[in-house]
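The structure appears right after this line, and notes come after that.
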Amino acid sequence: MNYEVCGPGQAPITGLKVGDFLLVDRGKYAGRLIRWGQGVRFRGADRIYAQWNHAALVVSESGALTEALVKTGVTRSMISKYLGVRYVVVHTNGASNDQQHLLRYSDRSVGEDYGFGNCLCVILGYLTFNRVCIGVQSPNCSAHVARGQLRLGAYFDRMPEGLAPADLARYYSVVVP
């Protein structure tokens, strides 16, 4: 897998494909809490993955995204909204047919409530070192991305509902110092 890093104020990354995804460091209060929680589980050399606190799915070459947000649930947005923060675009190189499956999934997801239950599942996973996870229907940001990646043939060693942005970074080997 390959990825590109975009720092605050830099022009948005081009060359996007349906199925790519963003890992974002938004830095707000909730973001700091997410990074702290991920740091409980991601220790030592794996701690580098815990720097990301949000994920979004690329659904067009022009930078359209779908993402699960606390206040709005799964919604559409554009990559340009992240101009002021650091993010990574992970290029997944999905096949055309698989991209169509991802787009159907993404379209049907818009309007779903945000998965507070998933957040509790992820926190429970942090505290029990992934020994306990309870799956729920509505996604948080990383579960939304992981569910999309499943349509491209990805395999995760845990349920998507139990994944955090750090899990996506680890799975796709995103190491940004």
message = Taking A55's backbone N and O only, do any of them form a donor-acceptor pair with Y87's side chain (distance below 3.5 Å, no angle check)?
response = no
ask   = Under 4.5 Å between side-chain heavy atoms, hopping through other hydrophobics if needed: is there a path connecting L152 to Y3?
value = yes
Distance-only check: which donor-acceptor pairs under 3.5 Å involve side-chain atoms of residues 10-19, not counting sequence neighbours?
{"unit_1": "Q10", "atom_1": "OE1", "unit_2": "G7", "atom_2": "N", "d": "2.6"}

remark   = Distance col, row F42:CZ vs R47:CZ, nearest 0.5 angstrom, shows 11.0 Å
remark   = CG of D98 to CG of L150, rounded to nearest 0.5 Å, is 11.5 Å
key: Sub-4.5 Å side-chain heavy-atom contact between V90 and V174   = yes
query = Atom CG of D107 and atom CG of L103: how far apart are they, to the nearest 0.5 Å?
reply = 6.5 Å
inquiry  = So does V176 get a backbone contact from the side chain of Q51, meaning a donor-acceptor N/O pair under 3.5 Å?
reply    = yes
ask   = Between E67 and T75, do the side chains contain an N or O donor and an N or O acceptor separated by less than 3.5 Å?
value = no
ask   = Can you tell me how far the CG atom of L57 sits from the OG atom of S77, to the nearest 0.5 Å?
value = 10.5 Å
query = In terms of ring plane angle, is the pair H54 and Y82 parallel, tilted or perpendicular, where the classes change at 30° and 60°?
reply = tilted
Close side-chain approach of L65 to R76, heavy-atom, < 4.5 Å = no
message = Tell me the closest heavy-atom pair linking S109 and V74, and the distance in Å.
response = O-CB, 3.3 Å
inquiry  = Test: salt bridge (charged side-chain N to carboxylate O under 4.0 Å, His left out). Region: residues 88-97. Which pairs qualify, not counting sequence neighbours?
reply    = none
query = Would you call D167-R158 a salt bridge at under 4.0 Å N-O?
reply = yes
inquiry  = Testing the basics here: between A50 and A166, what is the closest heavy-atom pair and its distance to 0.1 Å?
reply    = CA-CB, 3.8 Å
message = Between E4 and H91, is there a side-chain donor-acceptor contact under 3.5 Å, judged purely by atom types and distance?
response = yes
message = Under 4.5 Å between side-chain heavy atoms, counting indirect links through other Ile/Leu/Val/Met/Phe/Trp/Tyr residues: same cluster for V88 and L163 or not?
response = yes
ask   = Can you find a heavy atom in the side chain of V89 that is under 4.5 Å from one in the side chain of F21?
value = no
message = Given 3.5 Å as the limit, does a donor-acceptor pair link the side chain of S106 with the main chain of L102, or not?
response = no
request  = Go through T66 and V110 one step at a time and tell me if the side chain to side chain contact (heavy atoms under 4.5 Å, CB included) criterion holds.
outcome  = CA-CA 7 Å; T66 57; V110 172; 4.0 Å; yes
query = Any chance the side chains of H144 and R147 put a donor and an acceptor closer than 3.5 Å?
reply = no
inquiry  = Ring of W52, cation from R86 - is the NZ or CZ under 6.0 Å from the centre and inside 45° of the axis?
reply    = yes
ask   = Angle class for the F156/Y171 ring planes (parallel below 30°, perpendicular above 60°, tilted otherwise)?
value = tilted
ask   = Under a 4.5 Å cut-off applied to non-hydrogen side-chain atoms, are V175 and Y49 in contact?
value = yes
ask   = Taking a hydrophobic cluster as the set of Ile, Leu, Val, Met, Phe, Trp and Tyr residues connected by side-chain heavy atoms closer than 4.5 Å, whether directly or through intermediates, do L23 and L69 fall within one such cluster?
value = no
note = Here the gap from T92 atom OG1 to Y172 atom OH, rounded to the nearest 0.5 Å, amounts to 6.5 Å
message = For the OG atom of S96 and the NE2 atom of H101, what is their distance to the nearest 0.5 Å?
response = 10.0 Å
key: Under 3.5 Å donor-acceptor, N53 side chain and P165 backbone   = no
